[in-house]
Student: 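One structure follows; several queries about it will come next.
Note on naming: letters A, B, ... go to the chains in the order of the sequence lines (proteins, then strands), and numbering restarts at 1 for each one. Side-chain atoms are counted along with the backbone in the values below, which use heavy atoms only and exclude waters and symmetry mates.
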There are 2 protein chains.
Amino acid sequence: MKAKHEVGTRERIVQATSRLMQRHGYEGTGLKEISREAQATLGSVYHFFPGGKLELAVEAIGEGDREFAELLRGVLARVDDPAEAIAACTRELADGMRASDWQDGCPVTTAALASSRRLPEVRDAAERAFANWHGIVRGKLVASGIDEETADELAHTVVSTLEGAEMTAQITRSTAPLDAAGTHLARLIRSYL
Amino acid sequence: MKAKHEVGTRERIVQATSRLMQRHGYEGTGLKEISREAQATLGSVYHFFPGGKLELAVEAIGEGDREFAELLRGVLARVDDPAEAIAACTRELADGMRASDWQDGCPVTTAALASSRRLPEVRDAAERAFANWHGIVRGKLVASGIDEETADELAHTVVSTLEGAEMTAQITRSTAPLDAAGTHLARLIRSYL
DNA sequence: ACGTCACTAGAACGAACGCTCTATCCAGTA
DNA sequence: TACTGGATAGAGCGTTCGTTCTAGTGACGT
């Protein structure tokens, strides 16, 4: 029935979960809502994810991790100058934000933040995502000649500011925070080159 | 029965809501949980907040707004140099974070982020909070001699970075993001003085 | 042709949700 | 003393939640 080229049920479920939790968080997303959005039945959801909502959330956060990492890696590879590259990231994020009418913030943060305290597995998945992004930014900075210790610290601020600015932009429905973040992160990075 | 000096029921309810939503978000916090934590009954909750959970959340976010604004205003008034003052803020946040064993992040963000799309009143309350904080930081920068346009933009980045670093610190259970944010925000501000 | 098994399908369960409702309590006033 | 009304108290409403369970489908190997 299912051709090789079309998206399988399992993947549809993960993507629907990621998309929904990106907008409404872990607690705000229901399993029936997920199965409806993924065009799958509850039976299929539990077939692929016997661990239920928790297992599904961990998988969805992993998906969000990969998405953001891909955006990051893509832009950082395309733009040589690290300061310019980070600024380009903020522009990319602003575009996505505007395109979704300020619906889609960071898929990891929104999904994990409120439930991280009660669900260690969710927190761990989110922590892995942050570590992943930090490593990507850090690598770019080191490759640009910044010493490892400085790059490590700077990468923390880059990730924090990108996340914070995206969140602020979402709440205020304005790209101003992301625009400012781009300007200032570029200036900050340049001061270390 | 109730003496003037002790905390009234209404205030206890608001504070319990703020505290609980700070940790578990809007959807993750139940009204019975709130009434239990506030040592009030459901009847009292609906007596003071006929609008139910939504009205309660808006009030709680306002409370979180005031809390963070007070911290900000306190530190910015105490430390003259704006770069040093913002760095001191990150230290204060890191202390609070560690003291709560990484339970208590930003009361506004955690409460509002996941539900902001479905509940405009919640989003509006959170937006007012961000605008408030932005104004406070902006005022400090202008008072330090930075021109208005630059200060406005810079205040956006300061708020975004503080929020993002607090969130990252919470998820990763480390003060490293906040420490880095302090160092780099100070450096950034200094570059405009 | 038949059996196997991954997958689909959705009814049904107990628990928890937000909220409504009636009953009661008690300080203040007449 | 009797009345009033803000505040307290919690049982119970209908709904939705995550999860479990059984039944059914259909592609594939033998």
Student: Residues in ring pair (Phe, Tyr, Trp, His ring centres under 6.0 Å) with B/Y26, at least two apart?
Tutor: none
Student: May I ask you to say what A/G52 touches in the nucleic acid, namely base, sugar-phosphate or nothing, with a heavy-atom cut-off under 4.0 Å?
Tutor: sugar-phosphate
Student: State which residues pass side-chain hydrogen bond (donor to acceptor under 3.5 Å, both in side chains) with A/D147; sequence neighbours excluded, sorted by chain then number.
Tutor: A/T150
Student: Kindly write out the residues that satisfy ring pair (Phe, Tyr, Trp, His ring centres under 6.0 Å) with B/H24, not counting sequence neighbours, or none if the list is empty.
Tutor: none
Student: Who pairs with A/R173 by side-chain hydrogen bond (donor to acceptor under 3.5 Å, both in side chains), at least two apart in sequence or on another chain?
Tutor: none
Student: Near DNA chain C, counting only heavy atoms under 4.0 Å, which residues of residues 14-38 of chain B show up?
Tutor: B/T29, B/G30, B/L31, B/K32
Student: Output the rounded distance in Å from CZ (A/F49) to C1' (D/dT20).
Tutor: 18 Å
Student: Between B/H134 and B/H156, how do the two ring planes meet: parallel, tilted or perpendicular, split at 30° and 60°?
Tutor: tilted
Student: For the pair made of CG in A/L56 and C1' in D/dC17, what is the distance, rounded to whole Å?
Tutor: 15 Å
Student: May I ask you to verify if any side-chain N or O of A/T9 is less than 4.0 angstrom from the OP1 or OP2 atom of C/dC7?
Tutor: no
Student: Rounded off to whole Å, could you give me the CG-to-P distance for the A/L42 and D/dG18 pair?
Tutor: 9 Å
Student: Tell me what A/Y46 touches on the nucleic acid: a base, only sugar-phosphate, or nothing, going by heavy atoms under 4.0 Å.
Tutor: base
Student: Give a yes/no answer on whether the side chain of A/S44 brings an N or O atom under 4.0 Å of OP1 or OP2 in C/dA9.
Tutor: no
Student: For A/E67, what residues pass the salt bridge (charged side-chain N to carboxylate O under 4.0 Å, His left out) criterion, not counting sequence neighbours?
Tutor: none
Student: Expressed as a whole number of angstroms, how long is the span from B/H47:NE2 to C/dC25:P?
Tutor: 18 Å
